[in-house]
Amino acid sequence: MLDIKFIRDNVDLVEDAIKNKNETVNLDLVLTLDKEKRKIQFEYDTLRSEQNKISQQIPKLKKKNKDVSKVIDNLKNYSSKVKILASKLAEVEEQLEKELLKIPNLPNSDVPIGQNESDNKFLRDWGDKRKFGFQPKKHLKICKEQKLLDIKRAAKISGSGFVGFQHKGAKLARALINFMLDYHIEKHNYKEISLPVIVNRKTMTGTGQLPKLADDMYHIEKDDLFLVPTSEVSVTNLYSGEILGLEDLPQKFISNSLCFRREAGSHGKETKGLQRVHQFSKVEMVKFVTPDTSYEVLDDLLNDAEDILQALELPYRIISLATGDLSFASAKTYDLEVWAPATERYLEVSSVSNFEDFQARRASIRYRDVNGNVQFVHTLNGSGLAIPRTFIAILETYQNEDGTITIPKVLRPYFNNEKIL
RNA sequence: GGAGAGGUGACCGAGCUGGUUGAAGGUGCGCGCCUGCUAAGCGUGUGUGGGGUUUAUACUUCACCGAGGGUUCGAAUCCCUCCCUCUCCGCCA
């Protein structure tokens with residue numbers, strides 16, 4: 001959420017940002033509602049103030065055994081007027097709040113401006129793509145031959161877009177999760193946390209998934225609960241409504257969780273196999289920091305994600321997302337894309353973002369600065385990494401001519417130090 | 001699912017026979033004083049959000065005692081609904 005005061009004073013800036021992010025928001029309505037709200041509030045406050053003052057006379061008069069019926073009669077007039085104003089105020093406030101929640105975050109000034117992903121900016125790459133002395137197989141073929149997945153039966157029990165890992169495939173997926181968690185905890189000093197994947201409406205609104213992305217999420221109607229599309233949601237909301245001490249910052253959390261995405265409207269597009277699935281595991285990094293450090297921390301976060309790919313010796317590239325491709329809540333995002341040599345494509349395995357105070361304002365996550373003033377924290381997160389696509393890259397990169405898979409060095413401790421899957 | 005207890009400020013904890021109580025008291029924390037160290041003591045300050053006046057400091061006002069409704073001239077205090085925590089019982093992975 002943006003500060004209404006900021007919007008008031010920077011209408012042009014906000015309008016540009018909305019346009020660059022391909023969003024449509026009725027800013028005029030926001031400004032009108034804001035004006036209206038303040039007007040009603042002033043009237044309400046004034047009236048209430050008078051009412052309170054008169055009301056406070058009653059106990060005094062009663063003590064002196066004086067008649068208070070006239071005073072009360074007078075107050076009855078106030079009461080009805082106050083009630084009308086109060087309901088008007090509540091109505092306008094609700095409308096304003098609703099509109100404010102639809103305004104996206106402002107992109108940071110160094111984010112490339114552009115309509116869509118074709119305007120994303122290549123930043124750098126790492127690693128040499130493997131040259132094969134034989135025809136490398138695509139991951140789905142490998143999975144089939146090695147019986148690593150059971151897609152058909154997963155579809156039978158849940159529907160298309162769900163996958164089942166089995167045998168060595170299940171073990172490889174689990175090894176990846178454990179490796180990533182252990183690595184971030186030991187090498188990068190993250191604190192592990194495991195939170196619910198089913199969350200309430202307020203939580204979903206806090207990180208910015210609601211109201212915009214309602215159709216992309218699984219919703220349990222009976223309880224009005226949602227399945228998280230990423231553990232960013234639960235972890236970032238950990239401190240919602242709280243005021244942290246300066247000594248509590250920064251905070252670095254690492255969390256593995258299942259992620260659930262309806263992927264509405266993306267049928268037929270990369271829906272085969274593992275590239276785009278309704279349910280998957282992801283190891284997520286979430287940070288809470290003071291505003292002055294957040295862009296430095298964004299770079300750290302990017303490095304932490306890169307370290308995983310480097311440890312796995314998987315070539316990748318980093319791109320900086322253009323304004324039109326940025327998520328609703330993000331001010332700046334880097335995508336990490338791993339090279340899948342047989343599919344011959346880069347696959348997004350991590351998205352690293354700085355939300356500045358956008359989520360903190362929505363979820364009311366604050367801290368007390370050196371002067372004792374209450375400020376919003378900055379929140380950041382990054383995948384470290386998404387499991388299925390990392391899984392793809394490993395199979396394709398580490399395949400051998402005889403159909404076996406060499407286990408990446410850093411994963412071998414999770415396989416009794418064996419070299420072949 | 002049933003029965004009971006409860007949810008108050010950073011924390012503990014009064015208030016809950018409705019009326020100067022945004023909230024006693026304590027702890028913690030800030031500042032000042034005193035004590036040649038330490039411990040202790042004294043004074044004083046210390047919630048969040050919104051509005052208005054203001055260059056700023058500041059002043060002023062409204063709201064907030066789990067959330068939302070209701071009763072009332074007036075609600076932390078009474079009533080209703082919901083959420084959460086704890087205890088006991090039942091049921092079930």
Side-chain angles (χ1 to χ4, degrees), chain A residues 1-9 30-101 157 195-206 210 219-226 234 237-249 251 288 357-377:
Chain A
M1 191 152 60
L2 298 181
D3 187 359
I4 182 67
K5 288 177 194 160
F6 178 86
I7 298 174
R8 240 181 255 157
D9 299 337
V30 170
L31 294 170
T32 309
L33 286 170
D34 171 48
K35 227 176 195 173
E36 180 75 2
K37 189 209 125 185
R38 282 182 293 154
K39 191 182 139 229
I40 298 172
Q41 174 145 32
F42 185 75
E43 287 170 26
Y44 174 84
D45 283 359
T46 311
L47 202 65
R48 244 330 227 172
S49 177
E50 287 171 28
Q51 187 193 25
N52 285 341
K53 275 188 192 114
I54 300 169
S55 192
Q56 277 160 13
Q57 299 300 317
I58 292 177
K60 289 178 191 166
L61 292 170
K62 271 189 178 169
K63 266 182 195 162
K64 292 178 193 163
N65 278 321
K66 287 190 180 166
D67 180 36
V68 294
S69 57
K70 274 184 192 164
V71 183
I72 287 178
D73 280 345
N74 181 23
L75 278 171
K76 281 181 185 172
N77 296 323
Y78 277 93
S79 183
S80 54
K81 284 184 202 159
V82 163
K83 266 182 191 154
I84 292 167
L85 280 176
S87 69
K88 259 190 181 168
L89 181 61
E91 199 185 311
V92 174
E93 268 179 340
E94 196 187 316
Q95 280 184 56
L96 178 61
E97 174 79 5
K98 206 176 138 201
E99 290 305 314
L100 278 175
L101 287 174
I157 58 179
L195 294 172
V197 291
I198 299 178
V199 302
N200 59 33
R201 187 171 283 276
K202 194 177 171 192
T203 300
M204 268 305 180
T205 309
L210 284 178
H219 181 214
I220 300 162
E221 250 176 73
K222 193 167 182 183
D223 302 295
D224 197 27
L225 294 172
F226 298 84
S234 6
N237 276 283
L238 192 62
Y239 294 124
S240 66
E242 295 189 29
I243 300 176
L244 303 170
L246 203 50
E247 69 278 6
D248 298 321
L249 296 173
Q251 290 275 4
F288 301 86
D357 66 3
F358 188 81
Q359 293 180 326
R361 203 178 287 278
R362 285 180 162 240
S364 194
I365 309 166
R366 295 165 295 173
Y367 76 102
R368 225 171 271 283
D369 68 15
V370 275
N371 301 315
N373 296 321
V374 176
Q375 310 273 5
F376 288 106
V377 303

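When reading the values below, keep in mind they use all heavy atoms of this one structure, side chains included, and skip hydrogens, waters and symmetry mates. We name chains A, B, ... by the order of the sequence lines, and we start the count at 1 in each one.
- Among the heavy atoms of the strands lying under 4.0 Å from S79(A) are primed sugar atoms or P, OP1, OP2 only; no base atom is included.
- Taking atom P on both rG70(B) and rC31(B), the two are 46 Å apart, rounded to the nearest angstrom.
- Take D224(A) and apply the salt bridge (Lys or Arg N to Asp or Glu O under 4.0 Å) test, not counting sequence neighbours, and it matches R201(A).
- A straight line from CD1 of I54(A) to P of rU20(B) spans 16 Å, rounded to a whole angstrom.
- Across all strands shown, rG28(B) pairs with rU46(B); the Watson-Crick or G-U wobble distances both stay below 3.5 Å.
- Between the P atom of rG69(B) and the CD atom of E91(A) lies a distance of 13 Å, rounded to the nearest Å.
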Is there any protein nitrogen or oxygen under 3.5 Å from a nitrogen or oxygen in nucleotides 81-86 of chain B, and what are the pairs?
none

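- rA67(B) and rC84(B): their P atoms are spaced 15 Å apart (whole Å).
- Across all non-hydrogen atoms, the minimal contact from V377(A) to L249(A) is CG1-CD1, 4.0 Å.
- Residues satisfying the ring-ring contact (aromatic ring centres under 6.0 Å, His included) test with Y78(A), not counting sequence neighbours, are none.
- Between the side chain of S364(A) and the main chain of R361(A), no donor-acceptor pair closer than 3.5 Å is present.
- Pairing for rA75(B) is absent, with no Watson-Crick or G-U wobble pair whose two atom distances lie under 3.5 Å.
- Here the separation of rA23(B) from rC12(B), taken at their C1' atoms, is 15 Å to the nearest Å.
- For E94(A), the CD atom is loosely surrounded, since the number of other residues' heavy atoms within 6.0 Å does not exceed 12.
- When all heavy atoms of K81(A) and L47(A) are compared, the closest pair comes out as CB-CD2, 3.5 Å.
- Residue pairs satisfying the salt bridge (Lys or Arg N to Asp or Glu O under 4.0 Å) criterion with at least one member in residues 33-52 of chain A, sequence neighbours excluded, are listed as follows: R8(A)-D34(A), D34(A)-R38(A).
- By the 4.5 Å heavy-atom criterion applied to side chains, L75(A) and S55(A) are counted as neighbours.
- The distance between atom CD of E242(A) and atom C1' of rC11(B), rounded to the nearest whole Å, is 14 Å.
- On the C1' atoms, rG13(B) is 15 Å away from rU21(B), given to the nearest whole Å.
- Atom pair I58(A):CD1 and rG19(B):P shows a separation of 12 Å (rounding to whole Å applied).
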- Query: Using a cut-off of 4.0 Å between protein heavy atoms and nucleotide atoms, how would you tag nucleotides 46-63 of chain B 5' to 3' with B, S and -?
  - Reply: --SSBSS--------SSS
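- A side-chain donor-acceptor contact under 3.5 Å links S240(A) to the backbone of N237(A).
- Annotation: rC89(B) and rC11(B) have their C1' atoms spaced 34 Å apart (nearest Å).
- Nucleotide rU57(B) has no partner under the Watson-Crick or G-U criteria, as no pair reaches both atom distances under 3.5 Å.
- Here, rA39(B) and rG25(B) have their P atoms 26 Å apart, quoted to the whole Å.
- In this structure, CD of E94(A) is placed 12 Å from C1' of rG68(B), rounded to the nearest angstrom.
- Qualifying ring-ring contact (aromatic ring centres under 6.0 Å, His included) partners for F226(A), counting only residues two or more places apart in sequence or in other chains: H219(A).
- Distance from the side chain of K83(A) is smallest for rU71(B) among the nucleotides rC73(B), rU71(B), rG19(B).
- Nucleotides rG6(B) and rG90(B), compared at atom C1', are 22 Å apart to the nearest Å.
- A distance-only check finds a donor-acceptor pair linking the side chain of R362(A) to the backbone of T205(A) [under 3.5 Å].
- Rounded to the nearest Å, the gap between the C1' atom of rG9(B) and that of rC64(B) is 11 Å.
- Distance, Q56(A) CD to rG18(B) P: 18 Å, rounded to whole Å.
- Remark: rC86(B) base-pairs with rG4(B). Criterion, Watson-Crick or G-U wobble with two distances under 3.5 Å.
- Straight-line distance from the CD atom of E247(A) to the C1' atom of rC29(B): 11 Å, rounded to whole Å.
- Atoms CD (Q51(A)) and C1' (rU72(B)) sit 11 Å apart, rounded to a whole Å.
- Checking rU81(B) for Watson-Crick or G-U wobble geometry (two distances, each under 3.5 Å) identifies rA67(B) as its partner.
- RNA chain B is contacted by both Y78(A) and K60(A); K60(A) maps to the nucleotide lying nearer its 5′ end (nearest heavy atom per residue).
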